[in-house]
Amino acid sequence: MADVLIRHLGQVDYLPTWQAMQDFTARRDAATTDEIWLLQHPPVYTLGQAGKPEHLLQATGIPLVKIDRGGQITYHGPGQVVAYLLVDLKRRGLGVRELVSRMEQAVIDLLAEHGVSAGRQANAPGVYVNGAKIAALGLRIKHGCSYHGVALNVDMDLSPFSHINPCGYPGMAVTQTRDEGIASTPAEIELALSGVINSRIG
């Protein structure tokens with residue numbers, strides 16, 4: 001397994017974190033250690049590079065940031081654990097779809113450890129519990145290296161999701177680990193998620 005540096009960054013603003021991911025990816029070389037950043041964001045909507053603004057259904061006081069990952073619109077906020085994967089795919093022998101699959105499986109495995117059955121949906125990347133989305137995924141690949149990652153809803157205010165079509169799907173239900181009977185705190189989930197992702201991408 002190639003080395004991975006895991007960073008726990010706390011709650012950090014979206015824009016400077018996005019810029020830091022871009023900067024890291026731009027300056028890395030064949031010897032740069034892969035990193036996983038674990039964090040939370042203050043309330044923000046992010047719209048993928050091919051995203052449609054009409055998926056924001058009404059104006060709110062929450063900022064909307066147009067970014068360079070794939071996918072449509074999603075919401076980040078306190079109580080949601082985000083894992084950004086800054087990974088050299090070529091070095092690890094991974095394709096993009098394989099990385100997405102491994103990220104999804106990491107979340108599925110983590111939930112299974114707590115007795116929650118989760119899975120995938122065709123043509124809708126992410127992880128779902130009884131049809132409700134519990135984790136969203138989005139990546140950008142540049143020069144064979146990834147950034148962005150996966151956001152797992154843990155213990156948060158889900159109401160901002162009602163103002164969007166989550167990931168472009170009207171009426172898509174969302175859920176979180178607390179509502180699925182998992183008592184673990186965001187900090188505990190973050191620690192567990194970092195370990196299971198690290199084991200899956202090795």
Side-chain angles (χ1 to χ4, degrees), residues 1-42 44-51 63 65-110 120 125-127 134-154 167 186-202:
M1 179 186 298
D3 290 339
V4 177
L5 179 61
I6 296 176
R7 299 184 185 274
H8 295 272
L9 303 182
Q11 182 169 303
V12 290
D13 287 339
Y14 188 87
L15 277 172
T17 307
W18 175 33
Q19 184 65 57
M21 287 191 287
Q22 292 176 306
D23 292 346
F24 177 92
T25 303
R27 68 172 180 263
R28 68 178 302 165
D29 59 29
T32 302
T33 300
D34 291 337
E35 298 191 5
I36 301 173
W37 297 356
L38 282 298
L39 52 96
Q40 298 180 42
H41 289 305
V44 63
Y45 293 118
T46 63
L47 185 66
Q49 57 185 353
V65 181
K66 296 180 181 180
I67 60 171
D68 59 348
R69 62 161 170 77
Q72 291 287 334
I73 193 169
T74 196
Y75 170 72
H76 300 300
Q80 180 192 69
V81 172
V82 181
Y84 289 137
L85 279 70
L86 296 101
V87 172
D88 185 330
L89 299 185
K90 185 175 181 181
R91 185 168 62 197
R92 290 180 179 271
L94 291 173
V96 179
R97 288 188 180 184
E98 178 67 15
L99 179 60
V100 168
S101 177
R102 292 188 185 203
M103 291 163 60
E104 291 171 335
Q105 194 61 48
V107 175
I108 291 168
D109 291 347
L110 175 61
R120 302 173 174 87
V127 178
I134 197 167
L137 281 81
L139 289 172
R140 170 78 175 190
I141 309 298
K142 202 162 189 179
H143 307 305
C145 298
S146 68
Y147 57 102
H148 296 295
V150 58
L152 174 60
N153 303 335
V154 177
C167 302
E188 290 167 336
I189 293 289
E190 177 179 308
L191 192 60
L193 184 63
S194 66
V196 71
I197 289 178
N198 189 16
S199 68
R200 277 284 172 186
I201 68 170

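Along the sequence shown, residues carry numbers from 1.
Residues satisfying the side chain to side chain donor-acceptor pair (under 3.5 Å) test with Asp23, not counting sequence neighbours, are Gln19. A search for side chain to side chain contact (heavy atoms under 4.5 Å, CB included) contacts involving His143 returns nothing, not counting sequence neighbours.
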Given Met103 and Arg200, is the side-chain contact (heavy atoms from CB on, under 4.5 Å) satisfied, shown in steps? CA-CA 7 Å; Met103 291 163 60; Arg200 277 284 172 186; over 6 Å; no
Please evaluate residues Val65 and Trp18 with respect to the criterion side-chain contact (heavy atoms from CB on, under 4.5 Å), reporting the C-alpha separation (whole Å), side-chain torsions for both, the decisive distance (0.1 Å), and the verdict. CA-CA 10 Å; Val65 181; Trp18 175 33; 4.0 Å; yes
Would you check, one step at a time, whether the test side-chain contact (heavy atoms from CB on, under 4.5 Å) holds for His8 with Leu191? CA-CA 9 Å; His8 295 272; Leu191 192 60; 4.2 Å; yes
Could you give me the CA-CA distance, side-chain angles and deciding distance for Val12 and Trp37, then say whether side-chain contact (heavy atoms from CB on, under 4.5 Å) is met? CA-CA 11 Å; Val12 290; Trp37 297 356; over 6 Å; no
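A distance of 10.0 Å separates OG in Ser199 from CZ in Arg102, rounded to the nearest 0.5 Å. In this structure, the separation between CG on Asp29 and SG on Cys145 is 9.5 Å, given to the nearest 0.5 Å. With rounding to the nearest 0.5 angstrom, the CG atom of Leu47 is 8.0 Å from the CD1 atom of Ile67.
Counting only N and O atoms by type, the side chains of Arg140 and Thr25 include no donor and acceptor under 3.5 Å apart.
Taking every heavy atom of both residues into account, Pro125 and Glu104 meet most closely at CA-OE2, 3.6 Å. Nearest heavy-atom pair, Glu190 versus Leu39, reported as atom, atom and distance to 0.1 Å: OE1-N, 4.1 Å. Residues Gly126 and Leu137 approach most closely at CA-CD1, 3.4 Å, considering heavy atoms. Here the shortest heavy-atom pairing between Gln11 and Pro42 reads NE2-CG, 3.8 Å.
Ion pairing between Asp68 and Lys142 fails under the 4.0 Å rule for side-chain N and carboxylate O.
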Hey, can you pull the donor-acceptor pairs under 3.5 Å for the side chains in residues 76-90, sequence neighbours left out?
{"unit_1": "His76", "atom_1": "ND1", "unit_2": "Gln80", "atom_2": "OE1", "d": "2.7"}
{"unit_1": "Gln80", "atom_1": "NE2", "unit_2": "Tyr75", "atom_2": "O", "d": "3.1"}
{"unit_1": "Gln80", "atom_1": "NE2", "unit_2": "Asn153", "atom_2": "OD1", "d": "3.0"}
{"unit_1": "Tyr84", "atom_1": "OH", "unit_2": "His41", "atom_2": "NE2", "d": "2.8"}
{"unit_1": "Asp88", "atom_1": "OD1", "unit_2": "Lys90", "atom_2": "N", "d": "3.2"}
{"unit_1": "Asp88", "atom_1": "OD1", "unit_2": "Arg91", "atom_2": "N", "d": "3.0"}

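Between Arg120 and Ser101 there is a side-chain heavy-atom pair separated by less than 4.5 Å. Contact annotation: the side chain of Ile6 approaches that of Val4 to within less than 4.5 Å [non-hydrogen atoms, C-beta and beyond]. Annotation: side chain of Arg28 is in contact with side chain of Asp34 (closest heavy-atom distance under 4.5 Å).
Without hydrogens or angle criteria, Gln49 side chain to Gly70 main chain gives no donor-acceptor distance under 3.5 Å. Formation of a donor-acceptor pair under 3.5 Å by the Arg92 side chain with backbone atoms of Ile201 is found in this model.
Of the options Ile108, Leu152, Val150, Leu110, a side chain to side chain contact (heavy atoms under 4.5 Å, CB included) to Val127 is made by Ile108 and by none of the others.
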